[in-house]
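Beneath this line is the structure, given in structure tokens, with notes to follow.
In what follows, residues are counted from 1 in the order of the sequence shown. Computation of the quantities below employed the complete heavy-atom set of this structure, encompassing side-chain atoms and omitting hydrogens, waters and symmetry-equivalent molecules.
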Amino acid sequence: MPELLQRFAGQTVLVNVTNPQQHEAAELVGVHVDHFSVKPLAGGTVHHLPYQWLLAAREVMAQPGEPDSGQPAAPQLHLDITRQPADGASQPD
């Protein structure tokens, strides 16, 4: 997983970090051995998330802003997380 996320380090990703039912734009500020870090573009704190909380990572082609802008679609990363480990193991307090 770190290999995929590393390609998007420093870029904007969509992640459900503050509301489990809504994705928001965040900067992927760090990719580490055991976790990754995102900071919502709307402001707030940096969230450090262990890979065990990552349910899905989807690379999709984002649509350009204007239909005739001449800008090609760019890859975008969508991350689905949970506050519980995906494997069912408990997290230390």
Side-chain angles (χ1 to χ4, degrees):
M1 190 58 62
E3 298 82 19
L4 172 64
L5 295 184
Q6 189 61 46
R7 291 183 20 224
F8 291 89
Q11 297 182 32
T12 299
V13 298
L14 293 178
V15 60
N16 61 330
V17 70
T18 58
N19 180 343
Q21 297 185 10
Q22 181 178 346
H23 286 80
E24 63 183 295
E27 181 183 356
L28 181 58
V29 295
V31 178
H32 310 282
V33 172
D34 59 350
H35 71 281
F36 60 99
S37 304
V38 295
K39 182 175 183 182
L41 295 184
T45 62
V46 173
H47 298 268
H48 305 285
L49 306 163
Y51 292 114
Q52 292 93 337
W53 289 5
L54 188 59
L55 295 175
R58 298 181 308 280
E59 186 176 355
V60 299
M61 294 304 287
Q63 298 300 316
E66 297 293 324
D68 296 321
S69 68
Q71 298 173 340
Q76 188 177 56
L77 189 64
H78 293 205
L79 302 172
D80 295 325
I81 61 165
T82 179
R83 294 292 179 176
Q84 299 297 319
D87 62 6
S90 61
Q91 288 290 318
D93 292 314

message: Please tell me whether Val31 and Val15 are part of a single hydrophobic cluster in this structure, the criterion being side-chain heavy atoms less than 4.5 Å apart.
response: yes
field: Contact summary for Phe8 and Val13, nearest pair of heavy atoms
entry: CB-CG1, 4.3 Å
statement: Distance col, row His23:NE2 vs Thr18:OG1, nearest 0.5 angstrom, shows 11.0 Å
field: Minimal non-hydrogen separation, His32 against Tyr51, with atom names
entry: O-OH, 2.8 Å
query: Hey, which of Leu5, Leu14, Asn16 is the one that makes side-chain contact (heavy atoms from CB on, under 4.5 Å) with Leu79?
result: Leu5
- prompt: Same hydrophobic cluster for Leu41 and Leu49, using side-chain heavy-atom links shorter than 4.5 Å among ILVMFWY?
  reply: no
- line: Paired with Glu59, the side-chain hydrogen bond (donor to acceptor under 3.5 Å, both in side chains) test is passed by just one of Arg7, Gln76, His78, namely Arg7
- request: Classify the ring geometry between His35 and His48 as parallel (under 30°), tilted (30 to 60°) or perpendicular (over 60°).
  value: perpendicular
field: Considering all heavy atoms, the nearest Ala57-Leu4 contact
entry: CB-CD2, 4.0 Å
Shortest non-hydrogen contact between His47 and Pro40, atoms and distance: CD2-CD, 3.8 Å
- request: State the CD-CG distance between Gln6 and Leu28, to the nearest 0.5 angstrom.
  value: 8.0 Å
statement: Residues joined to Val29 in its hydrophobic cluster, side chain to side chain under 4.5 Å directly or through other members, sorted by chain and number, are Val46
